[in-house]
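These numbers come from the heavy atoms of this one structure, side chains and all, not from hydrogens, waters or symmetry mates.
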Amino acid sequence: MSLYITTPIYYVNAQPHLGHAYTTIVADTYSRFRRLCKEDVRFQTGTDEHGDKIAEAARAAGIAPQEYADRISLLFQEAWPPFNIKPDTFIRTTDEHHIRTVQDILQKVYDQGDIYLGSYSGLYCRGCERFLTEKELVDGKCPDHQTAPQPISESNYFFRMSRYQDWLIDHIHKNPEFITPERYRNEVLSFLSEPLEDLCISRPKSRLDWGISLPFDADFVTYVWFDALINYLSGIGYPDGEEFAQYWAVAEHIIAKDILKPHAIYWPTMLKALGLAPYQRLHVHGYWNINEAKMSKSIGNVVRPETLRQDFGVDTVRYFLLREMSFGLDASFSDESIVARQNSDLANDLGNLFSRSLTMINKFAGGTVPSPADLEPQDKELAGAASHMVTAYTSHMQNFAFNRALQEVWSVISLANRYIVTSEPWVLAKEPSKTPRLNTVLYHLAETLRLIGLVLEPAMPETCIKMATALGISGDAHDKQNLVDHGCWGLTRPGVSIKLGASLFPRLDKKSKQPPQPSPTKKKQESPKGGIKEGSDAGLVSFDDFKRFDLRVAEIKAAEKINKSDRLLKLTVMAPDTRTVVAGIAEFYTPEELVGRQVIMVANLKPTKLMGVTSHGMILASKDEGGGLALSALTHGVPPGSKVS
RNA sequence: GGCGAUGUAGCUCAGCUGGUUAGAGCGCACGGCUCAUAUCCGUGGUGUCCGGGGUUCAAGUCCCUGCAUCGCCA
C-alpha cells in the first residue's frame, strides 16, 4: 500500500502560526505512522502565492509580488525542518511546472465545454479594488473607505460545477469515508441539497494581474481555486509523471474547516471534469483557540510555532497538539495547558517511568537487560496490555484519532508504573534468591518501554530515538523499526546493554495563576534568579504583569450610537488595523466630536459582545466624582497603533 | 431568517444501537513506598447528566419544547 498525503498550500499573506503547524504536524505524524507500517508514503506541503491580497501586500511593502512571495514562502519552508518535518515536496504556485499544469488543465476543461464566459455582478469598492459581500458592509458602506460600493457587473469565466452536483452527492453517499469526521460530511451534504452555482474562476487583468493567465483569453488571470487546488496534481507530475500514476489513486488531503467547501465540492467536481478519480479521503480538523479566544491578528494573540518550540521543545509541542485536540473539533491552547501536559504526561508518567526503569536495570542487573524467568499473572497482564496497545493504537491512528491513540499508550505507561510498585524490584534486589523474579520484572519493563518507544515514533520522533538508543537499539537498527516486524511482545534480546542518558523531559515550573489572555508572544521563561514573589505586595503588579497589557494609540475613524442603548457607542478605530470597539461614553460625547481623535486603547482585551456588537478593545477614560467623563488623550498626534508604555 | 451541532464533576472531556450504585485525566485532601525527574502507588468527596414536558417496566442515552453557545447557509 502507498499513501499520498497533503497539507493545504499555505497562503503567503501571513507567517506560519499554530494552525499551520498543527496541520503540518498531523500530516507528518500520519506519514510517519504509515511508514512505520512499512508503507510507501509521499508527503507534500507548499505555498499558495497568487491573488490580490499578495499583490496588495507587495505594493505596500514596495516590492514585486514575486519577491514578496519568495520571502514569505521561505518562512514556511524553513518552519518545518526544526519540527522534524521533512516533506517530500514543497510546491509553490509560482513554480513553472505548476503554472504550466494549471494552464493545461484550464485548456482541457475549456475545450470540453465546462468553462464558459459569463457575467459576474456584485458590489464593487474602488478603494478596496474588490467585490464586497453584503455582510461586510456597514450601513451600506465599505467599512474601510466609508463609501458606498458600486453595483457593477463584469465578464468572467465560469466553471460548470453544477453539472457534476448529482454525481458528487452520489459519490459522497457511496463512500462514507470520503469526508471525515462525519460532521463535515453532513455539512457538505446539507450544502449540496441546494442547487450549486457555477464557480467564477477568473479576474480581469485590469483589476488583478498577479496570477496565472488563462490560456484561452490573455485578458484574464485564474482566480484562486483553479490555481491553488491543482497543486495536488502538479506536485506529483500530472498528467504523465511516474509519481502521478503511482500516488494519485491513494491521495488523502488534510485541511482545516475554513476551506472545507473548496476541497469537498469544487475540487472533486474539477477532478471529475478532468476525468480523474477523486481523492480517497479528506480529513477536516477544527481551530485552535487561544485562551478561549479566536486566534487573530487584530487581537494580537497569534501563536508562533517557533516560539513554542524554543520554549518547550519539539516533541512536547507535537505531543501537546496531537493529544489535546480531538481531530475535527476545536481545541484550546494556553501556556498553562502545555505546561500541565509536559509535567504530568511527559515528565512524570513517561519520563519518570523511563528513568526509574533504566536506573534499576543499571543498578540491579549490571546494566544489561536480564532474561525473564517464570511468569506471574501481573507479568502476563503487562505483556498483554502492551500488545493490545499496539493494535488499539494502530486502529486509532488509521482513523485520525490521535488523542485516543496516545491515550492507549499512556494507559500502558500508567500500568507499568503500577507494575513497579506492586513488584517492588528494590525489595527483590536485596535477596539473592529472588534474582530470577527480579530479572523477569526488569525484562518486562525494558520490553514495555521498547514497544512504547516504537509506537510513539510518529508523534515524538526525537524522544523515541533517545529511548531506543538507551535500550540498545541505535542508528540503522532504529531506522528499520516498524510495526509489522517489531510490534509484538518479546523481541528484546536478553543481554543487550542499556545506556543511561539525560532525562527525556524536564519538569517545568508552574507559573503562578494567571488571568486568561496572557500575551502569547511573551517568553514564558522568567529568569529563575529573579526571586521576586508575586502577590506579596497587595495591590502592586510587577512590571512583567504590566507588560502583558498591549496599550495602543487608536485613532477614531467612525462613531455611531448603538440602538437601544443610552450609554454605548460603536467606534471604528485604526490602531493601525481597523477594528470595532464599543465604549460606554455616549452620555458624554457625540459621535461627531469623536471622529479624528486619538485615544489610548487596551488592544489585547478579550473580545466581548455588548448589545449585540463585538468589541475588540477598551478605550481608556476617567470618570470624575461629579459624574463627568474625560477621554484619554495624547499631547500631540502620533501614528495610529503606536505602543503606549 | 433556514439547516445543523453542542450543553455531563472545579477544569478538559468519554459515555456505541435506552438497562445494575454516571466514568477518565488534571486539580484538591489524606495515606503508602523510596527504584525514579519532590517523581510513583493507594484512598476520598462533590455531579437537579442545561430547564420543562412526553414515550417506556426502565432515559444522560429516544421524541417535543424553551434557553445558551457555536458552525454552515441566506
Side-chain angles (χ1 to χ4, degrees), chain A residues 133-135 179 181-197 256-262 264-265 284-289 291-294 316 320 323-334 336-365 378 396 401 403-404 406-411 413-430 438 441-442 445-446 449 463 466 470 498 500-510 513-514 516 608-609 614:
Chain A
T133 62
E134 296 279 350
K135 230 185 203 172
I179 301 165
E182 203 179 353
R183 56 196 299 134
Y184 296 107
R185 178 174 182 263
N186 293 339
E187 201 170 302
V188 170
L189 283 171
S190 129
F191 184 81
L192 284 171
S193 65
E194 302 286 322
L196 276 183
E197 282 181 27
K257 61 184 182 182
D258 57 333
I259 47 176
L260 174 62
K261 220 199 300 175
I265 296 174
V284 189
H285 69 75
Y287 286 151
W288 280 97
N289 294 320
N291 296 309
E292 289 130 54
K294 278 189 182 173
T316 295
F320 176 83
R323 175 65 183 78
E324 197 80 3
M325 178 174 266
S326 185
F327 192 89
L329 303 177
D330 290 356
S332 108
F333 173 90
S334 68
E336 287 79 3
S337 54
I338 191 167
V339 168
R341 284 285 174 203
Q342 157 115 343
N343 283 345
S344 74
D345 297 5
L346 299 177
N348 295 353
D349 294 348
L350 173 59
N352 186 51
L353 171 66
F354 183 74
S355 156
R356 68 198 303 212
S357 302
L358 289 181
T359 306
M360 286 192 286
I361 293 172
N362 199 43
K363 276 191 186 171
F364 304 150
Q378 52 177 336
H396 288 313
N403 59 336
R404 293 191 177 198
L406 291 169
Q407 277 178 61
E408 291 289 342
V409 181
W410 258 258
S411 80
I413 291 172
S414 163
L415 181 64
N417 271 322
R418 258 174 286 151
Y419 175 79
I420 294 177
V421 170
T422 51
S423 52
E424 298 182 304
W426 52 92
V427 174
L428 301 173
K430 285 179 185 149
L438 173 64
V441 171
L442 296 179
L445 288 173
L449 284 171
T463 300
K466 289 185 200 163
I498 57 134
L500 291 182
S503 306
L504 295 179
F505 300 96
R507 269 187 71 84
L508 301 175
D509 278 344
K510 255 179 235 168
K513 286 175 206 134
Q514 292 220 345
T608 182
K609 226 177 200 179
T614 306

Does a side-chain N or O from [X] land closer than 4.0 Å to OP1 or OP2 of [N], or not?
{"X": "A:K257", "N": "B:C72", "answer": "no"}
{"X": "A:R507", "N": "B:U39", "answer": "yes"}
{"X": "A:R404", "N": "B:G15", "answer": "yes"}

Measuring from the side chain of [X] (C-beta onward, heavy atoms only), which nucleotide among [options] has the closest atom?
{"X": "A:F505", "options": "B:G15, B:U37, B:C35", "value": "B:U37"}
{"X": "A:K363", "options": "B:C26, B:C35, B:C40", "value": "B:C35"}
{"X": "A:I420", "options": "B:C35, B:U37, B:C73", "value": "B:C35"}
{"X": "A:N417", "options": "B:C41, B:U37, B:G15", "value": "B:C41"}
{"X": "A:S190", "options": "B:C3, B:C35, B:C73", "value": "B:C3"}
{"X": "A:R418", "options": "B:U37, B:G42, B:C35", "value": "B:G42"}

Rounded to whole angstrom units, what separation is found between the [atom1] atom of [X] and the [atom2] atom of [N]?
{"X": "A:N348", "N": "B:G25", "atom1": "CG", "atom2": "P", "value": "14 Å"}
{"X": "A:L346", "N": "B:U39", "atom1": "CG", "atom2": "P", "value": "14 Å"}
{"X": "A:F320", "N": "B:G25", "atom1": "CZ", "atom2": "C1'", "value": "14 Å"}
{"X": "A:Q342", "N": "B:U37", "atom1": "CD", "atom2": "P", "value": "16 Å"}
{"X": "A:D258", "N": "B:C72", "atom1": "CG", "atom2": "P", "value": "9 Å"}
{"X": "A:N289", "N": "B:U12", "atom1": "CG", "atom2": "C1'", "value": "13 Å"}
{"X": "A:E187", "N": "B:G71", "atom1": "CD", "atom2": "P", "value": "11 Å"}
{"X": "A:F327", "N": "B:A14", "atom1": "CZ", "atom2": "P", "value": "16 Å"}

4.5 Å side-chain heavy-atom contact, A:K257 and A:D330: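 With C-beta onward as the side chain, the pair touches.
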Distance check, [atom1] atoms only: [N] and [M], in whole angstrom units.
{"N": "B:A14", "M": "B:U61", "atom1": "C1'", "value": "14 Å"}
{"N": "B:G18", "M": "B:A74", "atom1": "P", "value": "37 Å"}
{"N": "B:G60", "M": "B:G52", "atom1": "P", "value": "13 Å"}
{"N": "B:U17", "M": "B:G47", "atom1": "C1'", "value": "26 Å"}
{"N": "B:G27", "M": "B:A38", "atom1": "P", "value": "15 Å"}
{"N": "B:C49", "M": "B:G7", "atom1": "P", "value": "14 Å"}
{"N": "B:G23", "M": "B:U46", "atom1": "C1'", "value": "14 Å"}
{"N": "B:C3", "M": "B:G10", "atom1": "P", "value": "35 Å"}

Taking pairing as Watson-Crick or G-U wobble with both contacts under 3.5 Å, can you name the mate of [N], or confirm there isn't one?
{"N": "B:C26", "value": "B:G10"}
{"N": "B:C62", "value": "B:G54"}
{"N": "B:G47", "value": "none"}
{"N": "B:C70", "value": "B:G4"}

Looking for any heavy atom pair under 4.0 Å, which part of the strands does [X] touch: base, sugar-phosphate only, or nothing?
{"X": "A:L358", "answer": "nothing"}
{"X": "A:A340", "answer": "nothing"}
{"X": "A:T359", "answer": "sugar-phosphate"}
{"X": "A:D349", "answer": "sugar-phosphate"}

5'-most by nearest nucleotide on RNA chain B - A:M360 or A:S344: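 Closer to the 5' end of RNA chain B: A:S344.
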5' precedence on RNA chain B between A:L415 and A:Q407 (nearest-nucleotide basis):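 Looking at RNA chain B, the more 5' nearest nucleotide goes with A:Q407.
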Steps toward side-chain contact (heavy atoms from CB on, under 4.5 Å) verdict (A:I420, A:M360): CA-CA 10 Å; A:I420 294 177; A:M360 286 192 286; 3.9 Å; yes
Hey, could you give me the [atom1]/[atom2] distance between [X] and [Y], rounded to the nearest 0.5 Å?
{"X": "A:I338", "Y": "A:L508", "atom1": "CD1", "atom2": "CG", "result": "9.0 Å"}
{"X": "A:Q407", "Y": "A:D345", "atom1": "CD", "atom2": "CG", "result": "9.5 Å"}
{"X": "A:I498", "Y": "A:T359", "atom1": "CD1", "atom2": "OG1", "result": "8.0 Å"}

Under 3.5 Å side-chain donor-acceptor pair for A:T422 and A:Q378: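 Side chains of A:T422 and A:Q378: pair found under 3.5 Å.
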Pairs involving residues 414-430 of chain A, ordered by first then second residue, that meet salt bridge (charged side-chain N to carboxylate O under 4.0 Å, His left out) (sequence neighbours left out):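 Of all non-adjacent pairs touching residues 414-430 of chain A, none passes salt bridge (charged side-chain N to carboxylate O under 4.0 Å, His left out).
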Residues forming a side chain to side chain contact (heavy atoms under 4.5 Å, CB included) with A:N186, sequence neighbours excluded: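 With neighbours one apart ignored, the set is A:E182.
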